Amino acid sequence: MGLVDGKVAMVTGGASGIGAATSKTLASEGASVVVSDLNAEGAESVARAINAAGGTAVGVRTDVSDPASVQAAVAFAVKTYGGLDVLHNNAAAFGADVIMQDFNVVDIDLAVWEKTLAVNLTGALLGCRFAVPEMLKRGGGSIINTASVAGWLAEDTRVAYSVSKAGLINLAKHVATAFGKQGVRCNAVAPGVVVTETSKGHMSEEWINGMKELHSTPRLIEPSDIADAVLFLASDLSRQVNGHVLTVDAALSAHLPKVEG
Amino acid sequence: MINLDGKVAIVTGAASGIGAVTACTLADAGASVLVADLDAAGAVRVAAKIAGSGGAATAWEVDVSDDAAMEAMVAAATDTYGGLDILHNNAAASQLAGQDHQLEDTTVDLWDRTMAINLRSVMLGCKHAVPAMKARGGGSIINASSGVTHGGQHRETAYAVSKAGVEMLTKTVATQYGRFGIRCNAIAPGVIFHDAIRNLVPPADKRIFEEYTLLPRLGEPEDIANAVAFLASDLAGFITGQVLTVDGGLHTAVAFDAAITAAHSEPPA
Ligand SMILES: NC(=O)c1ccc[n+]([C@@H]2O[C@H](COP(=O)([O-])OP(=O)(O)OC[C@H]3O[C@@H](n4cnc5c(N)ncnc54)[C@H](O)[C@@H]3O)[C@@H](O)[C@H]2O)c1
Ligand SMILES: NC(=O)c1ccc[n+]([C@@H]2O[C@H](COP(=O)([O-])OP(=O)(O)OC[C@H]3O[C@@H](n4cnc5c(N)ncnc54)[C@H](O)[C@@H]3O)[C@@H](O)[C@H]2O)c1
């Protein structure tokens, strides 16, 4: 028996990295998965891999920053699989033109700020807006926002990204508060540094090794580590967990840096 | 379901309440469980229940505040089952709650006994489990904290401070032993209604908990047991140093905001 047997799940940003891993994990534990992404081809290829492995999935092109597109994606999930139980708000604007231009408050271009908030934060609001009514029809559901330890710890750069992640944490608490009594749970998962195909492109070997030092476990975080945490939050095992931020960071944010000498 | 086949677990305070249900859940998931408690007869009952449904369990009498007894408890698990993978430090001095008041009325004796049973116990459990887990290449420790650490408390001064200590100890163990594959997390339940306390909670208080819990129902021991099983399992393989709140949202909403909203929505007298 799977942990999410019979549930219908939608994963945004499902074409790559953490979203692709979550789509596969939820499917292998029995959910029917709508793999939603701006990258339609990537979403379809993840869905194909799931179906080839005996799971149930379908890809759909979605721009999470566009209300009509999100509404259509949720309607598509309902039409295809009969309802919606799980939403993983995971898409983020990680293109080099955005994340590599996301500097401090003095230097950041306003267009970069707006793009980041539109995709990372407004995208999740829209996901909740259209998913909650569908979940209420089923008597409840579970929404998981991908936040980050950057949501409460600051860097000297990437202000838009961090602020969007802080917003995702409070958005989860808001939805938990507003709709929990009607059975809709909402939580956030906060990864530390996860090495994905996309992130490898942005990070130097040196930086990755430095990060390894700051994480307390023997290896760095992989997308499947986050997928397993999302699986828990999606499943009934977490049925009394609501408004929580589940940090998956190998204690990165639990300790002060160790200085030798 | 969660798979703990072949793993060896110790649950302290396992004779009643949350600990008893957690011991059963871990055994159902395939772990061999040392059911440890000061209440030896209760531990025997829980171990027998597990054995009766085909699981592996051994009852063990322990005073969790006692260094030698905790060392012996870990040795009992490794002697009986060949090693130790999971430790759930769950025992707490619920029996002292009735004497745990505001600061001015807190006696040194009550303070020291609470710290010994709630906090020293967790330090001792971790201290003796770490070498056994190192020998296996890793393990998972889950400490029982409480939602009380979310804010200042009007009562139960010693209890609240002991649980704050449990959370810092959790992060410290995670930081020091992560490199050995040992994960250490805490669980913070909100209010969990189980047989031992169900009838002790006045109906008026129960109504308040129902009102402030964001989900349609109150928490049950199974809710905590499932979270412990998750943290014990490889599904949580990268989660360490965390406090997992399992409270149905009890501590998420701003309480006074609800009171103000309610006041404004009341029809004028
Ligand atoms: N990788 C890390 O270290 C890390 C750390 C903390 C948090 N996160 C978060 O995890 C999530 C996934 O990150 P990842 O590392 O897997 O990144 P990724 O770049 O591999 O995946 C992001 C996906 O979102 C999609 N996307 C971008 N804009 C979109 C839009 N407007 N509409 C729909 N889809 C869109 C992309 O096409 C891509 O498939 C993000 O929310 C990210 O902020 C990642
Ligand atoms: N029930 C709740 O609402 C709630 C809420 C938050 C946190 N918690 C925490 O969860 C844990 C379990 O709580 P519970 O409600 O199941 O409590 P409980 O009183 O039902 O169980 C506690 C167990 O610990 C044992 N114990 C007490 N002193 C001991 C000692 N010195 N050595 C060994 N065993 C000893 C008792 O015999 C008992 O079996 C505790 O740590 C508690 O603080 C409970």
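What you are looking at is a predicted structure, and each value in this text was computed from that prediction instead of being measured. Naming: A, B, ... by sequence-line order, numbering from 1 per chain.
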*Asks:* Is B:Glu210 in contact with chain A via its backbone, its side chain, both, or neither, using a 4.5 Å heavy-atom distance?
*Replies:* backbone

*Asks:* Counting only heavy atoms closer than 4.5 Å, note whether B:Val243 contacts chain A via side chain, backbone, both or neither.
*Replies:* backbone

*Asks:* Looking at chain A, which one of B:Leu235, B:Thr245, B:Leu214 has the largest number of heavy-atom pairs inside 4.5 Å, strictly under?
*Replies:* B:Leu214

*Asks:* Quick one: does A:Val194's side chain get under 4.5 Å of A:Asp225's, heavy atoms only?
*Replies:* no

*Asks:* Sort A:Leu220 into side chain, backbone, both or neither according to what part of it lies under 4.5 angstrom from a heavy atom of chain B.
*Replies:* backbone

*Asks:* Looking only at heavy atoms and a cut-off of under 4.5 Å, which of B:Asp234, B:Leu250, B:Leu218 has the most pairs with chain A?
*Replies:* B:Leu218

*Asks:* Highest number of heavy-atom pairs under 4.5 Å with chain A: which of B:Gly190, B:Gly249, B:Gly248?
*Replies:* B:Gly248

*Asks:* Work out which heavy atom in B:Asn118 is nearest to a heavy atom in B:Ala92; give both atom names and the distance.
*Replies:* OD1-CA, 3.4 Å

*Asks:* Hey, are A:Thr25 and A:Ser28 close enough side-chain-wise for a donor-acceptor pair under 3.5 Å?
*Replies:* no

*Asks:* Should A:His215 and A:Ile221 count as side-chain neighbours, where that means a heavy-atom distance under 4.5 Å?
*Replies:* yes

*Asks:* Need one label for A:Ser238: side chain, backbone, both or neither, based on atoms under 4.5 Å from any heavy atom in chain B.
*Replies:* neither

*Asks:* Name the member of B:His251, B:Arg183, B:Lys171, B:Gln176 that forms the most heavy-atom pairs with chain A at distances under 4.5 Å.
*Replies:* B:Lys171

*Asks:* Between A:Gln240 and B:Asn226, is there a side-chain heavy-atom distance shorter than 4.5 Å?
*Replies:* no

*Asks:* Considering only heavy atoms, which portion of B:Thr213 lies under 4.5 Å from any heavy atom of chain A: side chain, backbone, both, or neither?
*Replies:* both

*Asks:* Are side-chain heavy atoms of B:Ser121 and B:Asn89 found at a separation under 4.5 Å?
*Replies:* no

*Asks:* Are B:Asn143 and B:Thr170 close enough that a side-chain donor and a side-chain acceptor fall under 3.5 Å?
*Replies:* yes

*Asks:* Heavy-atom distances under 4.5 Å only: say whether B:Ala174 touches chain A with side chain, backbone, both or neither.
*Replies:* both

*Asks:* Give me the one residue out of A:Leu231, A:Leu246, A:Val230 that meets side chain to side chain contact (heavy atoms under 4.5 Å, CB included) with A:Ile144.
*Replies:* A:Val230

*Asks:* Using non-hydrogen atoms and a 4.5 Å limit, figure out which bit of B:Glu220 sits close to chain A: side chain, backbone, both or neither.
*Replies:* side chain

*Asks:* Quick check for you: among B:Met168, B:Glu222, B:Gln242, which has the greatest number of heavy-atom pairs under 4.5 Å with chain A?
*Replies:* B:Gln242

*Asks:* Chain A: which of B:Asp247, B:Ile239, B:Val254, B:Asn185 shares the most heavy-atom pairs with it under 4.5 Å?
*Replies:* B:Ile239

*Asks:* I would like to know whether A:Asp236 and A:Arg185 meet salt bridge (charged side-chain N to carboxylate O under 4.0 Å, His left out); could you show each step before the answer?
*Replies:* CA-CA 11 Å; A:Asp236 295 341; A:Arg185 297 187 291 113; 5.2 Å; no

*Asks:* Using a cut-off of under 4.5 Å on heavy-atom pairs, state which of A:Arg219, A:Glu222, A:Glu29 scores highest against chain B.
*Replies:* A:Arg219

